[in-house]
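Step one of this worksheet: look at the structure below.
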Amino acid sequence: DMAVFCPLYSGSSGNSVYLETEESAVLIDLGVSCRAAVNALKSLNADVQKLKGILITHEHSDHIKGLSVFLKKYPVPLFGSPAVLDYLRENVKLPETVELKEAPLEGFSVGQMRVKPFHTSHDSVGSLGYRITLDDGNEVGVATDLGRYTPEVDQGLRGCQVVMLESNYDEGMILASDYPYYLKRRIRSDSGHLSNDDCSTALPSLAMSGTRHFILGHLSQNNNMGLLAHQAAAQALTQAGLVEQEDYTLQVARRSEPSIPVVI
């Protein structure tokens, strides 16, 4: 059995992740245009007919803006926290036929996959990360908008073969940036985004728990560089005695095209 995990787009301009197994496929978020999403899926030779649902992390536009058009073409069920589903009902013109399904914390099934959501600390009406168990028992975890790496997030990601974790900003770059003070404060707050340092601190214990593939996600276009995020993560893992390519792989998710697919 082979599964493929691939961020299609990642960053403040739009986010979507694709996960495919032999039997079924899901998207996590759809924050790019329908055309961009479909083109990205085509470039991976993905079979859209396999799509069994879209998991929504939260309601910010860079995670949901492609939904209404995409769901007209591919009316699959939408999963999210109750508050996020309410937000979508009130604010997004979704096709009548689309099922909105609550994502209970005790877990639920989408096709052959088992999904277990967990809370993330973000300024959203109800944001979630997702841990997904594939039919062969392998697991992947995604947490991309969070101000704090909480014990609940750690538990959600621990033991996953693949982890996509936010590495949004470089502390030095954001302090020096021309962002207004309130915005810097929001990004750096407990309900904002994870810095490169916050992210890299979490990685060694995840590697010890069995994570083999790390993907750094949701990098800020203005307050980060792929090189800095990669460096911080690699340094933390090296200091913990882990060797890149031997013990783990590490990549930065690409902003405006599909990343390198991880085959599990």
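No hydrogens or angles considered: a donor-acceptor pair under 3.5 Å links the side chains of S127 and T120. Between the side chains of T57 and D29, a donor-acceptor pair is found at a separation under 3.5 Å. Donor-acceptor pairing under 3.5 Å is lacking for the side chains of N196 and Y169. Under 3.5 Å, the side chains of T144 and E166 contain no donor-acceptor pair of N or O atoms.
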**Q.** Worked check of side-chain contact (heavy atoms from CB on, under 4.5 Å) between L146 and H193
**A.** CA-CA 5 Å; L146 56 164; H193 292 278; over 6 Å; no

Q: List the steps, then state whether side-chain contact (heavy atoms from CB on, under 4.5 Å) holds for R186 with L183.
A: CA-CA 5 Å; R186 185 196 148 241; L183 190 55; 4.1 Å; yes

Q: Test V26 against I54 for side-chain contact (heavy atoms from CB on, under 4.5 Å), laying out the working first.
A: CA-CA 6 Å; V26 293; I54 302 177; over 6 Å; no

(Q) If you apply the rule salt bridge (charged side-chain N to carboxylate O under 4.0 Å, His left out), what do you find for E171 with R188, and how did you get there? (A) CA-CA 9 Å; E171 192 68 47; R188 296 175 69 219; 2.6 Å; yes

Q: Evaluate the criterion salt bridge (charged side-chain N to carboxylate O under 4.0 Å, His left out) for residue pair R89 and D86; output intermediate values, then yes/no.
A: CA-CA 5 Å; R89 281 187 196 100; D86 284 344; 2.8 Å; yes

Q.
For a side chain to side chain donor-acceptor pair (under 3.5 Å) check, start with the C-alpha distance between S12 and D62, then their side-chain angles and the critical distance, and finish with the verdict.
A. CA-CA 6 Å; S12 31; D62 58 324; 5.9 Å; no

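Both L78 and Y18 are members of a single hydrophobic cluster when ILVMFWY side chains are connected at heavy-atom separations under 4.5 Å. Residues V48 and L30 share a single hydrophobic cluster, defined by chaining ILVMFWY side chains whose heavy atoms lie under 4.5 Å apart. Hydrophobic cluster membership differs between V115 and L100, with clusters built from Ile, Leu, Val, Met, Phe, Trp and Tyr side chains linked at under 4.5 angstrom. Hydrophobic cluster membership differs between V162 and V4, with clusters built from Ile, Leu, Val, Met, Phe, Trp and Tyr side chains linked at under 4.5 angstrom. When the side chains of ILVMFWY residues are joined at heavy-atom separations under 4.5 Å, either directly or via intervening members, L51 and V110 end up in two distinct hydrophobic clusters.
The side chain to side chain contact (heavy atoms under 4.5 Å, CB included) search around S189 returns S191, not counting sequence neighbours. In terms of the side chain to side chain donor-acceptor pair (under 3.5 Å) criterion, residue partners of E59 (sequence neighbours excluded) are, by chain and number, S124. With sequence neighbours left out, S68 forms a side chain to side chain donor-acceptor pair (under 3.5 Å) with no residue at all. Among residues two or more places apart in sequence or in another chain, the side chain to side chain donor-acceptor pair (under 3.5 Å) test is passed with Y149 by D154.
Smallest separation of non-hydrogen atoms from Y130 and F79: OH-O, 3.7 Å. What you find for A207 and F214 is that their closest heavy atoms are N-CZ, 3.8 Å. Closest non-hydrogen pair, S16 versus L27, comes out as OG-CD2, 3.8 Å. Considering every non-hydrogen atom in both L165 and A202, the closest pair reads CD2-CB, 4.2 Å. Among all heavy-atom pairs drawn from A233 and L203, the shortest one is CB-CD1, 3.5 Å. Closest approach of F118 and L157 over heavy atoms only: CZ-CD2, 3.9 Å.
Between the side chain of K116 and the main chain of L105, a donor-acceptor pair closer than 3.5 Å is present. Panel note: side chain R131, backbone R158; a donor-acceptor pair is recorded below 3.5 Å. No donor-acceptor pair closer than 3.5 Å links the side chain of K184 to the backbone N or O of A176. Side chain of R212 to main chain of T249: no donor-acceptor pair is present (N/O by atom type, distance under 3.5 Å, no hydrogens or angles). Without hydrogens or angle criteria, K52 side chain to P77 main chain gives no donor-acceptor distance under 3.5 Å. When atom types are taken as modelled, the side chain of Y9 and the backbone of A40 share no donor-acceptor pair closer than 3.5 angstrom. D247 places a side-chain N or O within donor-acceptor distance of the main-chain N or O of V243, the cut-off being under 3.5 Å. Of the possible donor and acceptor atoms, one in the side chain of E152 sits under 3.5 Å from a partner among the backbone N and O of H119. Y248 contributes no side-chain N or O that, together with a main-chain N or O of L237, makes up a donor-acceptor pair within less than 3.5 Å.
Each of V32, L44, V17 was scored for a side-chain contact (heavy atoms from CB on, under 4.5 Å) with L8, with one residue passing: L44. Screening E139, Q112, R114 for a side chain to side chain donor-acceptor pair (under 3.5 Å) with T133, the sole residue that qualifies is E139.
Between the CD1 atom of I56 and the CG atom of L85 there is a distance of 8.5 Å, given to the nearest 0.5 Å. Atom CE in M2 sits 12.5 Å away from atom CG in L134 (nearest 0.5 Å). The CE atom of M173 sits 8.0 Å away from the CG atom of N222 when rounded to the nearest 0.5 Å. Rounding to the nearest 0.5 angstrom, the gap separating the CG atom in N15 from the NZ atom in K65 is 8.5 Å. To the nearest 0.5 Å, atom CG of residue L55 and atom CG of residue L128 are 9.5 Å apart. Note that the OG atom of S24 and the CG atom of D47 stand 11.0 Å from one another [nearest 0.5 Å].
Counting only heavy atoms from C-beta outward, the side chains of L228 and Q231 approach each other to under 4.5 Å. Counting heavy atoms from C-beta on, the side chains of V76 and V98 never come closer than 4.5 Å. Proximity of M113 to D135: side-chain heavy atoms (C-beta onward) are nowhere separated by under 4.5 Å. Between N168 and N223 there is no side-chain heavy-atom pair separated by less than 4.5 Å. When side chains are defined from C-beta on, H213 does not count as touching F5, because their heavy atoms never get closer than 4.5 Å. Put simply, the side chain of I187 reaches to within 4.5 Å of the side chain of Y179, judged on heavy atoms. At least one side-chain heavy atom of L250 sits under 4.5 Å from a side-chain heavy atom of L216. Using a 4.5 Å cut-off on side-chain heavy atoms (C-beta onward), V163 and V140 make no contact.
Taking a 6.0 Å sphere around CD of Q155, one finds it holds 12 or fewer heavy atoms contributed by other residues, nucleotides or ligands.
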Distance-only criterion, 3.5 Å: show the donor-acceptor pairs between side-chain atoms of residues 255-264 and protein atoms not counting sequence neighbours.
from: R255; atom 1: NH1; to: L219; atom 2: O; distance (Å): 3.3
from: R255; atom 1: NH2; to: L219; atom 2: O; distance (Å): 3.0
from: S259; atom 1: OG; to: R254; atom 2: N; distance (Å): 2.8

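Pairs passing the side chain to side chain donor-acceptor pair (under 3.5 Å) check and including a residue from residues 90-104, sequence neighbours excluded, do not occur.
Centroid-to-centroid, the aromatic rings of H63 and H218 come within less than 6.0 Å.
Ring pair H60/H58 is perpendicular by interplanar angle, where above 60° counts as perpendicular and below 30° as parallel.
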